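Right, one structure below, let's go through it.
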Amino acid sequence: MSKFINALASFLGERVDILIMPRRGGSTKFKMRRLTLIIVGLIWLFITGAGVLFFVRGYDYNIIKADNNLMRMKLQLIADELERGRKYLELTRTTENQMRQMLGMPGGKFINLPKGWEETKAQEDARAQALFETDLKDMDEEDFEHYIDELEESAKTRLAGFQEIAWYFANKKEGSNSTPSIRPSSAKISSNFGYRLDPFGRRTSKKHNGVDFAGKPDSPIVVTADGVVRHAGWVPSFGQAILVDHGLGYSTLYAHTTGIVVKPGDVVKRGDKIATMGSSGRSTGTHLHYEVWKDGQAVNPRNYFK
């Protein structure tokens, strides 16, 4: 082992001559040990490698920077288009209100809003308005998705409003098809219109604004007159519910349903299936809660079917 070490030390310690001979002029001669030459070579390789790495990284950085700038420009264009679309939706809201005033129609809110529903919708509208006022550049991915969802919901609401106006105008002179006149379900009636004891066991009585039909789960529910669907989805206490505007002051409510097959803005004809019977919301069992409203007052649905 000592021989190997001595030989290596002798090899590294040996001097070498480096001769530089230009085409013109005298030559230059350098003397240095092999160890020094190896160290200089390693330093040169390190500097060269570091330079290449720096160049490659700088090139990649410039490419990524250019891509980011391009993406930022595209996002800004998308943001501008979304903002322009939102402003057009706001303009359609004003146009809808003007058309309602010209035709002498209600302001657009449903006259038979269940308790708590109007407050919930007001809170949702406030959140949407706050979101619309936020600069799109300050939004994260989740907020941006909510922004798109709110635009979609706003567009659906405006579409339903204009369809209601068209429906109102078409049925202004002829209201026979817009008057509720059939049963929404073939099931038996389990609770009538008027005051009754609280079904949840409280020793109080309260007005029951509709009629309850107790039937089998998933049995069909049909709309009782021609109209336009204004809401189809969750309503506090009423679960999955459908609100239908029939024009001429009539509207109907179908609550505690399941399997809803319509959406806001759909035009429905008397007898069309709109959902199935369930027990969603605040309910003691499978049934349909059905209401008829006329000119802002809940009326007895029994007067509108045999």
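Bear in mind the structure is a predicted one, so any value in this text is a computation, not a measurement. All heavy atoms count here, side chains included; hydrogens, waters and symmetry mates do not.
In this structure, Val211 and His289 have side chains that are not in contact, with every pair of non-hydrogen atoms separated by 4.5 Å or more. Annotation: side chain of Asn300 is not in contact with side chain of Asn192 (no heavy-atom distance under 4.5 Å). Using a 4.5 Å cut-off on side-chain heavy atoms (C-beta onward), Val228 and Val268 make no contact. Leu253 is not listed as a side-chain neighbour of Ile242, based on a closest heavy-atom distance of 4.5 Å or more.
Placement of Phe305 and Met277 within a single hydrophobic cluster is found when ILVMFWY residues are connected by side-chain heavy-atom separations under 4.5 Å, directly or transitively. In the hydrophobic clustering of ILVMFWY residues, with side-chain heavy atoms under 4.5 Å counting as a link, Leu288 and Val222 come out apart. The hydrophobic clustering, which links ILVMFWY residues whose side-chain heavy atoms are closer than 4.5 Å, places Ile182 and Tyr250 apart.
The structure places NE2 of His256 at 8.0 Å from OG1 of Thr284, a figure rounded to the nearest 0.5 Å. Of the inter-residue distances, the one linking Asp218 atom CG with Thr286 atom OG1 reads 8.5 Å to the nearest 0.5 angstrom.
Listed here is the closest heavy atom pair of Ala241 and Ala255: CB-CA, 4.1 Å. Across every non-hydrogen atom of Ile260 and Ala232, the tightest pair is CG2-CB, 4.0 Å. Shown here for His287 and Asp212, the closest heavy-atom pair between the two residues is CD2-CG, 3.7 Å. The minimum heavy-atom distance between Pro180 and Thr252, with the atom names listed, is CG-CG2, 3.9 Å. Residues Ala214 and Ala187 come closest through the heavy atom pair O-CB, 3.3 Å.
If you check the side chains of Tyr290 and Ser185, you find no donor sitting under 3.5 Å from an acceptor. A donor atom on one side chain and an acceptor atom on the other are not found under 3.5 Å apart for Thr179 and His246. Remark: the Thr224 side chain and the Arg270 side chain contain no N/O donor-acceptor pair separated by less than 3.5 Å.
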### Message
Phe213 vs Tyr254, test: ring-ring contact (aromatic ring centres under 6.0 Å, His included). Steps then yes/no.
### Response
CA-CA 11 Å; Phe213 294 82; Tyr254 310 79; 9.9 Å; no

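Salt bridge annotation for Asp272-Lys269: absent, with no cationic side-chain nitrogen under 4.0 angstrom from a carboxylate oxygen.
The closest donor-acceptor contact from the side chain of Ser280 to the backbone of Gln240 lies under 3.5 Å. In this structure, the side chain of Thr276 engages the main chain of Thr258 through a donor-acceptor pair within 3.5 Å. Ser279 places a side-chain N or O within 3.5 Å of a backbone atom of Gly285 that can act as its donor or acceptor partner. No donor-acceptor pair under 3.5 Å is formed between the side chain of Ser219 and the backbone N or O of Gly215.
A distance of 6.0 Å or more separates the ring centres of Phe193 and His208.
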